[in-house]
Amino acid sequence: MNVNQPSERQKMTFWEKLYLPEIARGLGITFKMLIGPKMTIQYPEEKYHPGGYYRGRPVLVLDEDGERCVACGLCSRVCPPLAIEVRAGETEREKERYPVKFEINMLRCIFCGLCEEVCPEEAIVMSKDLEMVFENRESAILGKEKLLVPVAQLQDRLEYLRMHQYYEPPARVQDA
Amino acid sequence: MPTIYIDGKPIEAREGQSILEAALEHGIEIPHFCWHPAMSAPANCRICLVKVGMPRRKPDGSFETDENGNPVIQYMPKLQPSCRYPVSEGLHVLFQVPEVIESQHAVMEFLLINHPLDCPICDEAGECKLQEYAYFYSRGKSRFVEEKNHKPKHVIWGPNVIFDAERCISCSRCIRYADEILHDPVIDFVDRGDHVTIELFPGTQFDNPYSMNVIELCPVGALTSRDFRFKARVWEMSFTPSVCPGCARGCNMYVGVLQNQILRLQPRTNMYVNQYWMCDAGRLTQYPFVNENRIDKPLVCTENGTLTEVSWEEALNAFWNKLQSVDAKEIGIVVSGMLTNEDAFALRRFIQEYIPAATVMLMTVEDPEFEDDFLRVRDRRPNTRGVQTILGDFLASLSVEEFREKVESKQLKLVWVIGEDLEQVWSEEGRRIADGADTLIVAASNASPTTQVADLVLSLATYAEMEGTFTNIDGRVQHFIPALTTAERPYRWGMKASRWDKMGAWNDRWSHGPQRHCRPLWQILSATASIAGHSWNYRKAADVFADLSQTVEGFAKMTYALLDERRGIPLGKVDEPEPPVFHYDSHRLKPESEEYRYVQVYDKAEQWW
Ligand code: SF4
Ligand code: SF4
Ligand code: SF4
Ligand code: SF4
Ligand code: FES
């Protein structure tokens, strides 16, 4: 590096060195915001309702005829911090497999959304639930009873997912 | 020894081999579904097609050459199935050429047309040949938009096998297995074209004692184990190479473990012993031997006659005191063929050093009904031969009745049973021995009527919880390593570990399973020796084995590394290596070959683009 090059400071004009006009400009923005529309909300009293884009607590989708999850274990495999444990069992339903046990350790979860992305059945999605308070380690491990959420409450997210297909497998060979 | 050229690389093939066989033996992985080395090659899956040609000859018989002096190869206009095409001198095979790759893509596309998108619920996923090949040899995209064929998904073939017709790719491996290997042809194809499926002949069942082998044989997940169904995904488990304890054949197997529990056993190829197979009884031995009805901790009989759990220290002290309280002549020992060679050797040393006058009896468990002319033998214990060889002169030649009389006439006051249930094997006689003994010490891994009446029970580790060797009926010494951790050996050092085992923390619920307080016999005996004031210096099974190989003639010069390398060594044959054979593994991608495959795929892709 050439040390003899003029520094940023040396390149400044007199007005820039003076600094005052810039301060005035910054304060101008501050005052404009003061009288403009408010961005913040009074959180606990006022609730925040994010749109479908929001990645909150991962939940399992509950259809009319039971859960969608087939306990394939892919979410558990892909989960970077190993938050998910799935154990499968056999059912009489058309899809022969179901999760006997499905646990997400919310202390491990980093809300990355990879589980949702990998799920072949669209059975696990990120909900809008952002209020998670746990009193001890055990209660932070959510079982099926806490994870299953009726599909009606998850329409936003499912719609969002369908509109924003994450991944289109690249064609290996050009179709003739 | 004809020399063939695969993509120009010369290979020494053997007379009568097919191209595929020769290629596999030399580490060239040509894809194949229907071919299996133990059975005939019907060449019906067509994934193994290659381009085949011979040097062209002039009318006078000499080879035609091009301007550079290389022979001119005349290739056949159509691709040939390499699994069926015999090798011959100078044969040229082209494998990584656009024509062959295109044909692989086409075959995969055809196979996948009616294949359900079942991988999330399919037990085979993760070790499925179709998945592998779809990754390596297909175009990666489906052009099929029509409705797929639907077939029955839950057909119960027999007590151990369930068939899913939709997943079947009609390779006919299972049919040929039943026909050619089992000579029990109860299944066959019915219908044609995309409606083809497999059915049992009316009134039959696929209930052969070797029926479960079709589960691994099936390249896809069409045949599933009724026992293992949906229990775990394969990538979550650890697979430990081990030896089946079910009978004296000593079939090689993999122990599939999740959360420190055995979920399945499956055969491991060893051409010298079990080839590719295992019997159904052997595959379910985890239940009687390891998973169920275990003795968790050493037990001592208290004054009021109940067995209470005690620590190992207390138990070993009690054990040593009980042995000291009687004369060595009054000790009767019943040993089992369940013991490993290491255990037997430690016992031999223990007897030699402390109770040389004891009466030792080997309990054999024979079941003539179990025997057949394939794998199963009548001796139901994995190491009878080894215990016999090692204890040798120490074994008294007594009949059960004589032993019982000695106990009842109080010539033997203390009876020490190792690894067996007296009542189950010797029935009435056994019960009378157990009742007649003044002191009954039992070292066992499973609870039984004998342990209930014992004064002291030492909890033994099973084959799955210890390292050791078994000597099978042909005298082949085979090494196995522990698959499960115990409370005495809680870490997975030197063991196979699954992803969960490697990454879990102590406070994760899934990171650990039940651990038992059990020890192998050699450890118990060397700990007892240290109570008696001697140090045997046995810290691991290999120490015992080193001592054993120096002392007992048949084991001379054997080491665990050598046993692993040669897949077991017959007694006394360390210096005569067997001729090398090819151990074919249908499913598992071998780690050493994986890298090769990636290279191969990249090479291929480059050529193609
Ligand atoms: S990936 Fe989806 S279907 Fe598979 S176990 Fe997870 S939630 Fe269930
Ligand atoms: S959001 Fe990410 S961290 Fe949380 S459970 Fe899903 S994969 Fe695991
Ligand atoms: S057989 Fe293989 S490809 Fe077919 S569903 Fe099972 S794992 Fe998937
Ligand atoms: S069930 Fe499996 S082994 Fe039998 S023909 Fe079908 S794919 Fe082949
Ligand atoms: S392996 Fe050659 S045709 Fe199936």
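Below, chain A is the first sequence line, B the second, and so on; all start at residue 1. Values below: every heavy atom of this structure, side chains too, minus hydrogens, waters and symmetry copies. Treat the numbers as computed from the prediction; the structure is a model and nothing was measured.
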Is atom [atom1] of [X] surrounded by more than 12 heavy atoms (other residues, nucleotides or ligands) closer than 6.0 Å?
X      : atom1 : result
B:Q515 : CD    : yes
A:Y48  : OH    : yes
A:K128 : NZ    : yes
A:E94  : CD    : no
A:E135 : CD    : no
A:Y54  : OH    : yes
A:Q42  : CD    : no
A:E8   : CD    : no

Shortest non-hydrogen contact between [X] and [Y], atoms and distance:
X      : Y     : value
B:D164 : A:E96 : OD2-OE1, 4.4 Å
B:P120 : A:C72 : O-CB, 3.1 Å
B:W500 : A:I84 : CH2-O, 3.7 Å

(message) Any salt bridge linking B:R509 with A:E85? Criterion: basic side-chain nitrogen under 4.0 Å from a carboxylate oxygen.
(response)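 No, no charged N to carboxylate O under 4.0 Å.
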(request) Let me know if A:R77 has heavy atoms under 4.5 Å from chain B in its side chain, its backbone, both or neither. (result)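 Contact with chain B involves both backbone and side-chain atoms of A:R77.
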(request) Against chain B, label A:E138 side chain, backbone, both or neither, depending on which of its atoms sit under 4.5 Å from a heavy atom there. (result) both
(message) Non-hydrogen contacts under 4.5 angstrom with chain A: give the residues of residues 152-161 of chain B involved, or none if there are none.
(response) B:K153, B:H154
(message) Counting only non-hydrogen atoms closer than 4.5 Å, can you tell me which residues of residues 228-238 of chain B sit against chain A?
(response)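 Heavy-atom contacts from residues 228-238 of chain B to chain A are B:R229, B:F230, B:R233, B:W235, B:E236.
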(message) Rounded to the nearest 0.5 Å, what separates atom CG in A:L107 from atom CG in B:D508?
(response)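 Between atom CG of A:L107 and atom CG of B:D508 there are 10.0 Å.
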(request) Mark yes or no for whether A:R97, through its side chain, and B:D123, through its backbone, hold a donor-acceptor pair below 3.5 Å. (result) no
